[in-house]
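I have placed the structure first, in the form of structure tokens, so that the comments after it can refer back to it.
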Amino acid sequence: MKQKIQPVRGMRDILPEDAARIALIEDAFRDVLIRYSYEEIRLPIVEPKNLFDRGLGESTDAVAKEMYSFLDRDNSELALRPEGTASCARAIINHSMAHEDKPRLWYAGPMFRHERPQAGRHRQFQQVGAEAFGYSGPAIDFELVHVVTEVFERLGLLDSVTLLINNIGDAAARSQFRDALVEYLNPFSDDLDTDSKQRLISNPLRILDSKNETTRCILKEAPRLKDFVSEDSTKRFETVLEMLDAAQISHEIADQLVRGFDYYTDTVFEWVTDRIGAQDAICAGGRYDGLIELLGGRPTSGIGFAAGIDRIALLHSATQEELEYRSTDVYLIALGEEQRSYLSEIANRIRQGTNLRVREHTEPGRMGAKMRWADKSGAIWAVIAGESEESERNVSIKWLRSDREQMRVPLCGMLEVLEAA
RNA sequence: GUGGAUGUAGCUCAGGUGGUAGAGCACUGGAUUGUGGUUCCAGCGGUCGUGGGUUCAAAUCCCAUCAUCCACCCCA
């Protein structure tokens with residue numbers, strides 16, 4: 001036997017039963033988004049690398065260390081997209097959509113980050129995202145949170161997730177805060193944990209997230225981001241919170257919540273869960289009022305979220321009852337090859353007249369083996385056709401999941417029996 | 001990128017101190033030649049992740065390497 005070919009590290013096959021769960025989750029997002037009047041956009045998986053350099057920030061981990069980038073045949077730098085927002089923003093700029101339309105878009109598809117694989121973290125992973133461009137009022141912030149809440153409710157996950165929300169102000173406020181934070185922390189530099197010491201240079205805002213106790217202690221007296229945020233922004237954020245309260249959407253204000261990409265401004269939010277391991281963020285988003293301009297478009301406000309479908313699927317399988325998965329409703333068995341064409345006639349009749357999923361047994365073998373296949377397929381019925389059924393133009397219907405007695409009905413009455421169940 | 005654990009039959013896993021590989025489930029056949037899911041009997045199936053080394057002898061000891069899982073980091 002030849003050596004087996006392994007899939008690429010961090011890339012995985014999603015087998016039918018898991019695929020069904022993923023489809024269930026994607027369908028929930030799609031259905032809710034469509035009812036909120038969001039439109040689907042299909043975006044390329046490969047983009048110019050500098051779209052992400054500029055859009056997400058060159059110092060972010062996703063760009064600096066985790067990008068799947070490569071040279072095209074003409075030596076231009078390309079990258080597999082690590083997220084969807086930058087592509088979406090590029091698209092609305094390229095098609096001049098922002099001016100007249102105020103587009104509300106959603107997308108679904110694979111994203112790529114070259115990270116070390118772990119529970120809930122793969123190098124190719126699935127996201128559903130939505131973005132709204134040109135809306136600056138607080139109601140749109142509320143609406144997107146509401147959309148996601150509705151999806152989680154529909155999937156029965158609302159009890160296992162927590163919504164964290166914060167206001168991080170605009171880029172200027174954040175940069176002032178960053179300076180103040182660094183200035184405050186510098187004297188304590190030696191007392192910080194090693195990670196935080198590193199981040200003092202690379203990404204100071206992340207220090208706020210530290211789990212180290214001494215670091216946390218030092219942070220108690222540190223400057224607060226909210227003291228640097230403009231009055232307008234604070235007011236706006238308060239309105240968003242009021243709307244959430246009025247809609248009884250429970251949320252926690254998380255001072256330490258900062259997002260991983262540079263483009264975020266003002267409202268940011270994230271749903272976390274404690275049921276799926278260390279990678280606990282299942283959906284996150286926020287405003288990005290500077291992104292369109294950064295990418296060469298006219299100043300346009302934006303807001304969106306991205307949901308990690310693989311992680312939501314993990315959560316779903318951890319909390320929900322087992323999916324009742326089966327591929328087949330009706331299993332058709334011909335006793336001998338002579339009944340093959342009669343069997344096809346039966347199959348066509350069921351497929352055309354109902355939504356039932358029909359499988360014909362195609363292999364030779366004895367009756368017992370065929371019945372075993374019928375059972376394993378998960379089908380509710382075995383429909384059997386032998387010589388006598390064919391000559392009398394009827395079929396035998398056997399219930400595989402109940403004690404109901406096998407019955408023989410004329411072909412024209414078959415659908416009635418199947419649909420009655 | 002760093003650390004820990006694990007790789008033996010399709011799957012889940014046994015195989016103290018080296019002696020030439022096992023169970024359960026699954027699969028195939030039979031008991032039951034037009035009836036599955038229960039039972040009984042029989043059978044198929046493994047260069048023990050890969051490559052080196054030590055040894056008369058390696059699944060077992062040593063080295064390297066790959067992969068998976070979990071955590072750090074980061075993030076959806």
Side-chain angles (χ1 to χ4, degrees), chain A residues 1 3-12 25 29 56 59-66 81-85 108-129 148 161 193-196 198-199 202-203 206 209-212 257-261 269-273 276-286 304-315 331 333-336 339 361 365-379 381-390 396-403 405-406 408:
Chain A
M1 206 162 71
Q3 181 98 39
K4 278 188 224 164
I5 296 177
Q6 300 282 352
V8 174
R9 188 180 173 100
M11 316 266 171
R12 65 196 179 124
I25 292 162
F29 273 100
L56 315 192
S59 63
T60 59
D61 275 23
V63 168
K65 308 197 286 207
E66 299 167 359
R81 60 182 184 186
E83 58 102 58
T85 302
M111 306 295 165
F112 301 84
R113 292 182 203 169
H114 195 280
E115 301 177 274
R116 190 80 166 249
Q118 193 184 330
R121 188 167 81 182
H122 303 95
R123 288 181 178 184
Q124 175 178 339
F125 58 102
Q126 206 70 16
Q127 281 190 342
V128 170
V148 177
V161 301
D193 59 286
T194 31
D195 282 334
S196 295
Q198 196 70 43
R199 287 187 283 212
S202 62
N203 194 352
R206 279 266 152 220
D209 250 342
S210 174
K211 287 153 201 154
N212 182 278
L257 181 67
V258 292
R259 299 244 47 86
F261 302 134
F269 48 85
E270 175 172 298
W271 281 265
V272 295
T273 174
I276 59 168
Q279 304 303 315
D280 59 0
I282 57 171
C283 181
F305 69 79
I309 301 304
D310 310 69
R311 289 183 188 174
I312 295 173
L314 273 183
L315 178 61
Y331 200 97
I333 294 171
L335 273 178
Q339 288 88 43
H361 188 91
R366 62 189 180 86
M367 186 63 175
K370 291 175 181 173
M371 285 301 298
R372 198 151 59 239
W373 277 88
D375 183 50
K376 277 200 318 188
S377 77
W381 303 276
V383 170
I384 302 155
E387 206 173 326
S388 76
E389 280 91 345
E390 182 175 17
S396 295
I397 299 178
K398 182 183 174 71
W399 272 259
L400 296 171
R401 312 289 151 203
S402 77
D403 293 332
E405 201 147 334
Q406 178 169 328
R408 192 144 162 178

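All values below come from the heavy atoms of this structure, side chains included, with hydrogens, waters and symmetry mates left out. Naming: A, B, ... by sequence-line order, numbering from 1 per chain. Computed from a prediction, not measured in an experiment: that's the story for all the values here.
Nucleic acid contact class of R113(A) (heavy atoms, under 4.0 Å, all strands): base. Residue A119(A) is in sugar-phosphate contact alone, with no base atom involved, counting any heavy-atom pair closer than 4.0 Å across all strands shown.
Around CD of Q406(A), the count of heavy atoms belonging to other residues, nucleotides or ligands within 6.0 Å exceeds 12.
For the pair Q118(A) and A71(B), the criterion of a side-chain N or O lying under 4.0 Å from OP1 or OP2 is met. Not one side-chain nitrogen or oxygen of Q126(A) sits closer than 4.0 Å to the OP1 or OP2 atom of A76(B). Taking side-chain N and O atoms only, R12(A) has no distance below 4.0 Å to OP1 or OP2 of U68(B).
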Between the protein and nucleotides 28-30 of chain B, which nitrogen or oxygen pairs are less than 3.5 angstrom apart?
from   : atom 1 : to      : atom 2 : distance (Å)
G30(B) : OP2    : R366(A) : NE     : 2.8

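U32(B): no Watson-Crick or G-U partner with both key distances under 3.5 Å is found in any strand. Using the Watson-Crick or G-U wobble rule with both distances under 3.5 Å, G3(B) pairs with C70(B).
Each of D375(A) and G120(A) has a nearest nucleotide on RNA chain B; the 5'-most of these lies closest to D375(A).
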Exercise. I would like to know whether R12(A) and D310(A) meet salt bridge (charged side-chain N to carboxylate O under 4.0 Å, His left out); could you show each step before the answer?
Key: CA-CA 11 Å; R12(A) 65 196 179 124; D310(A) 310 69; 2.5 Å; yes
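Between A14(B) and G22(B), the two C1' atoms lie 7 Å apart (nearest whole Å).
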Quiz item: Nucleotide by nucleotide, 5' to 3', does protein get under 4.0 Å of the base (B), only the sugar-phosphate (S), or neither (-) in nucleotides 2-7 of chain B, counting heavy atoms?
Solution: BB----
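Taking the side chain as every heavy atom from C-beta outward, R121(A) and R311(A) approach each other to under 4.5 Å.
For the pair K370(A) and W373(A), the cation does not sit on the ring face, since its NZ or CZ is not both under 6.0 Å from the ring centre and inside 45° of the axis.
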